[in-house]
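Below: the structure, in structure tokens.
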Number of protein chains: 2
Amino acid sequence: MNYLNTINSPQDLKKLEIHELDTVAKEIREAVLNRDSKIGGHVGPNLGIVETTIALHYVFNSPQDKIVFDVSHQCYPHKILTGRQKGFIGSDEEIATISGYTNPTESVHDFFVVGHTSTSVSLACGLAKARDLKNEKHNIIALIGDGSLSGGEALEGLSNAAVLGSNIIIILNDNEMSIAENHGGLYTNLRLLRQTNGTAECNMFKALGFEYRYIEEGNSISKLIETFKQIKDSPHPVLLHIHTTKGKGYLPAEEDKEKWHWNLPFDIKSGQNTLSFDNSENYTDITFNYLNKRLEQDKNIVVVTAGTPGAVGLTPERRSQLGQNYVDVGIAEEHAVAFSSALAKGGCKPVFCVWSSFVQRTYDQLSQDLALNNNPAVILVFSGAISAMDATHLGCFDIPLISNIPNIVYLAPTTKEEYLSMLNWGLEQTSHPVVIRVPTKVISDKRKISDNYDNLNTYEIVKQGRDIAVLALGSFFNLGQEVCKKLHLNGIDATLINPRYISGIDQTLLSNLKKDHKIIVTIEDGVLNGGFGEKISRFYGGDDIKVLNFGAQKEFTDRIPLNVLYQRYHLTPDLIVEDILKLK
Amino acid sequence: MNYLNTINSPQDLKKLEIHELDTVAKEIREAVLNRDSKIGGHVGPNLGIVETTIALHYVFNSPQDKIVFDVSHQCYPHKILTGRQKGFIGSDEEIATISGYTNPTESVHDFFVVGHTSTSVSLACGLAKARDLKNEKHNIIALIGDGSLSGGEALEGLSNAAVLGSNIIIILNDNEMSIAENHGGLYTNLRLLRQTNGTAECNMFKALGFEYRYIEEGNSISKLIETFKQIKDSPHPVLLHIHTTKGKGYLPAEEDKEKWHWNLPFDIKSGQNTLSFDNSENYTDITFNYLNKRLEQDKNIVVVTAGTPGAVGLTPERRSQLGQNYVDVGIAEEHAVAFSSALAKGGCKPVFCVWSSFVQRTYDQLSQDLALNNNPAVILVFSGAISAMDATHLGCFDIPLISNIPNIVYLAPTTKEEYLSMLNWGLEQTSHPVVIRVPTKVISDKRKISDNYDNLNTYEIVKQGRDIAVLALGSFFNLGQEVCKKLHLNGIDATLINPRYISGIDQTLLSNLKKDHKIIVTIEDGVLNGGFGEKISRFYGGDDIKVLNFGAQKEFTDRIPLNVLYQRYHLTPDLIVEDILKLK
């Protein structure tokens, strides 16, 4: 790492001769692989963008010129060149300190905390307009790729960027891939442009009003530098389309681009994972197996994803098994919800599989396209839980987001059996949009599970006790069981309740509890504000009943270990019981 | 109305000769104007689409062929031709019964309840895919115009529709207008296509993969019928671009397209409004006057709207006064939020003005682009209140939507003075994203107003009493005052509190209340679920304090008069006091 050890800012890079930059590229690749192989992370996107990043920092003057990364999962080379190389080649602790996304608290070369897709063009437009109003002169650059272009926010941004009337440079990193393969007419046009070396007249970017440039050799530093010099300080919007190789320079990543978009720790030489994906039973497998089997009988099932099939277990093989009953709409979550609603209206049984963090992108579609129309689409929300993820990928906000929309039945299964029963019911019924919060851990028990959820908002009393009732929702049912056990050790025979329905109140059951209960405890795996527990508190507001709500505080947490969060939020059996006993 | 009285379904229309259809068009225009002149509604969009609608029903076979209207504010001619002509030429009661948007409960010719923009293409894709999976054969048609194309959901939809691989017909009604003028590169391309009679090679729709057709005479029934016959049963996606005249056939509406997009009741002959807009002081005027004046000193202020400037009082004259410090991004709310966040990051002071119902389209941008980055943008939420609007335009969901996102300071001013003080503070401070829920009615009082809100989540005790405390939020502060007066008549000296902050709890003040209060009442002008009151209920969950939350139930209400809703939700001084006294 002869170069990387001496490059502490883009200024250091600029001192090098162009012919030295290929070696810098080689070192950056080694650094990226070093980090990824140790702690996992985005591989292909970062390897593909090495040359672009070097050329950007060689030609432009960051941070006066401002680079905005879309998703920012491809910012590793940028971090390496802006004084954060220790996050890639340093000690384990140094590596852990630097995040995998841009972050203004890390460096003046980062402008936004980003982790969701399709935001860069709009953010760049704002920086550009601010520059113009302040009569400043510098370049604003948005770097977007990996399928992010198909997200509605990016398209709104493009349309606005095109008429900005001043400098904005959008670099479209076209590696012919989304996270998985690309979907949508946008990519039809990119293909045509690649095939014609950028010369095709039918060009959506020109149509919008951009000056359009194309670089076929998107991994050639000299070509990139040459073009960057030409478009630097452009007085009007430019879209630069570069054709790169995802995973460039690391054979396993070049050969299996989808697998190596993001990977767990691995052995660099063999490409074999050193920390394997958890091979125990998981809900993505359970879901696929169930739907695939059901498809044999019911050809109306349509599995829908929005650009992240792998995140919900839909490998290329599985996608191909589902055939025409599978639709990946690309990164276009809003479309996915409206599309699912209309599929249901048309008599199909859509199942949109999406992560909690990304379902956030669809509130208005959930409300207007789906709930208001009461179409019986099914949505499976994965990774809805308090988590140790980056602040950009938290899964703790979906309960307030979804459960407060009228008409949607939001269900929280506690076990595998209950999940499958709820999924079955969701597909059979035709009266409601049904959203299921897929649990995080697969638990099976011998509890008798209902096979019908038509009687909305009826909670299940799993164990009848007295004095104290514990309403333990979904993934945290288990925690509720532990709490009851501990209470038992304290001589308290608590009632344990599985609420099942996140989106409604069981007025009869809650009223009945008043007879012989004095304390009601709610536990949910998400943020308390606007969530499930607060509704129970409201219900008992006028009664002589005490209610304790356990869940997450309203905050963006960033890579904080789960046990730390559980301590902070009192989400352990001991802490919950302690809080309850204080009330007695 | 010789024809309209006999056309009770599209079948009746098909029996006519083509030369008779111009008279049908004339009668439809009269019917549209009859309704609009009596009860107000969308004028220009419906007058412009008369010929298209006639031709559609003449050529296609609704409801087997399915027409999906974007926003559905241009569905009046469709309603008239599908058995609902009484909603336009009938008695006042008949007119009131039929809504201004498509509604499946009204007719089998309507497929979705719609009122927000940019959804039609995605919904049509779902119907088309369902048709294909069921091996059915019919046409799916999406009708989109009036600026809806620039919304992200529409663009996601277009990209997906283009690769559907089977029949879908998208009719782009290009009347050269959004609600106000168009903004964005998309419209650059539409202009080029109009200028070249659809022949320009640089064509974004062709780029996406559509078969593209253009009709210059978009108000010619015979031209439309000719083309519809050609594209009917097309085995692949078609985009038909038609150039129409907004407001066609009614001179005032043709001459002032923005004013006549939607209008209050008017005299048909003179075009003068018979029911005038409320001329008393209102918050859109107050806001404009304040910002415009402030702009004299502070050139960093940027007023942002997303396609609906008129809805927030920004007339063409005012927009021109704001000059380069005003940006309408077109119908692109997501972009507007990200853009505002970046403007703030770049040192400007953006003020995004948006209706409560439309801010719903931006949850993820509020969360990720804005809140997570903690940029000091200001957002003004107008029409955030329980209302008698259509189910598609309710303003009661913004409190759960916004206040549960970390970092956002969501403020609820109670008076004009407090509103301006909060707006001033929002613009001065640089620490938080600030959202202000603009009150509905302008009230002034002599209360001393804070000029600094840095000390977050500090509530104001307006009147110190005992036993009962009333926390009356924002627009409903007034109602809280009334409640306290009534309680006083019942011998109760209640405490009146102005919470000011929707997004946080004043723990100190609430704790202090415990000393000499036994009942806490919250009142908010929005849905209770996930809202403000529930947080107060949670706070007191472990105490011997009773809490009553007043607000709306979680439901989509549709044109229900406000007094009916207030009765239903117990939002009158009498009903609230009655509920309180029951607890005592």
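Residue numbers begin at 1 in each chain, while the letters A, B, ... track the order of the sequences.
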Where Asp364(B) and His116(A) come nearest, the two heavy atoms and their spacing = OD2-ND1, 2.7 Å
Top of Leu193(A), Asp579(A), Val337(A), Asn529(A) for chain B proximity - count of heavy-atom pairs under 4.5 angstrom | Asn529(A)
Would you kindly say whether Asn160(A) and His183(B) are connected by a side-chain donor-acceptor distance under 3.5 Å?
-> no
Exercise: identify the closest heavy-atom pair between Leu186(A) and Ser159(B) | N-OG, 3.3 Å
What part of Ser403(A) lies closer than 4.5 angstrom to a heavy atom of chain B: side chain, backbone, both or neither?
-> backbone
Sort Asp543(A) into side chain, backbone, both or neither according to what part of it lies under 4.5 angstrom from a heavy atom of chain B.
-> backbone
Lys206(A) versus chain B, the contacting section by heavy-atom distance below 4.5 Å | both
Find the one option among Ile520(A), Leu528(A), Val359(A) whose heavy-atom pairs under 4.5 Å with chain B are most numerous.
-> Leu528(A)
Give the member of Cys348(A), Ser118(A), Gly533(A), Ala336(A) that has the highest number of heavy-atom pairs under 4.5 Å with chain B.
-> Cys348(A)
Residue pairs passing the salt bridge (Lys or Arg N to Asp or Glu O under 4.0 Å) test with at least one member in residues 334-349 of chain B, sequence neighbours excluded, are Asp298(B)-Lys349(B)
Where is the tightest heavy-atom contact between Val327(A) and Lys129(B), given as atom of each residue plus distance?
-> CG2-CE, 3.6 Å
Among Ser537(A), Gly152(A), Gly126(A), the residue with the most heavy-atom pairs under 4.5 Å to chain B is Gly126(A)
Which of the residues Ile405(A), Leu158(A), Val68(A), Leu190(A) is involved in the greatest number of heavy-atom pairs with chain B at under 4.5 angstrom?
-> Ile405(A)
Partner chain B: residue of Lys582(A), Gln324(A), Met204(A), Arg538(A) with the largest heavy-atom pair count (under 4.5 Å) = Arg538(A)
Engaged part of Leu123(A) at the chain B interface, taking heavy atoms whose separation is under 4.5 Å | both
Top contributor to chain A contacts, counting heavy-atom pairs under 4.5 Å, from Ser367(B), Pro400(B), Gly209(B), Gly115(B) | Ser367(B)
Do you know the tightest heavy-atom contact between Ala391(B) and Gln368(A)?
-> O-NE2, 4.3 Å
Using non-hydrogen atoms only, which part of Ile545(B) is less than 4.5 Å away from chain A: side chain, backbone, both, or neither?
-> backbone
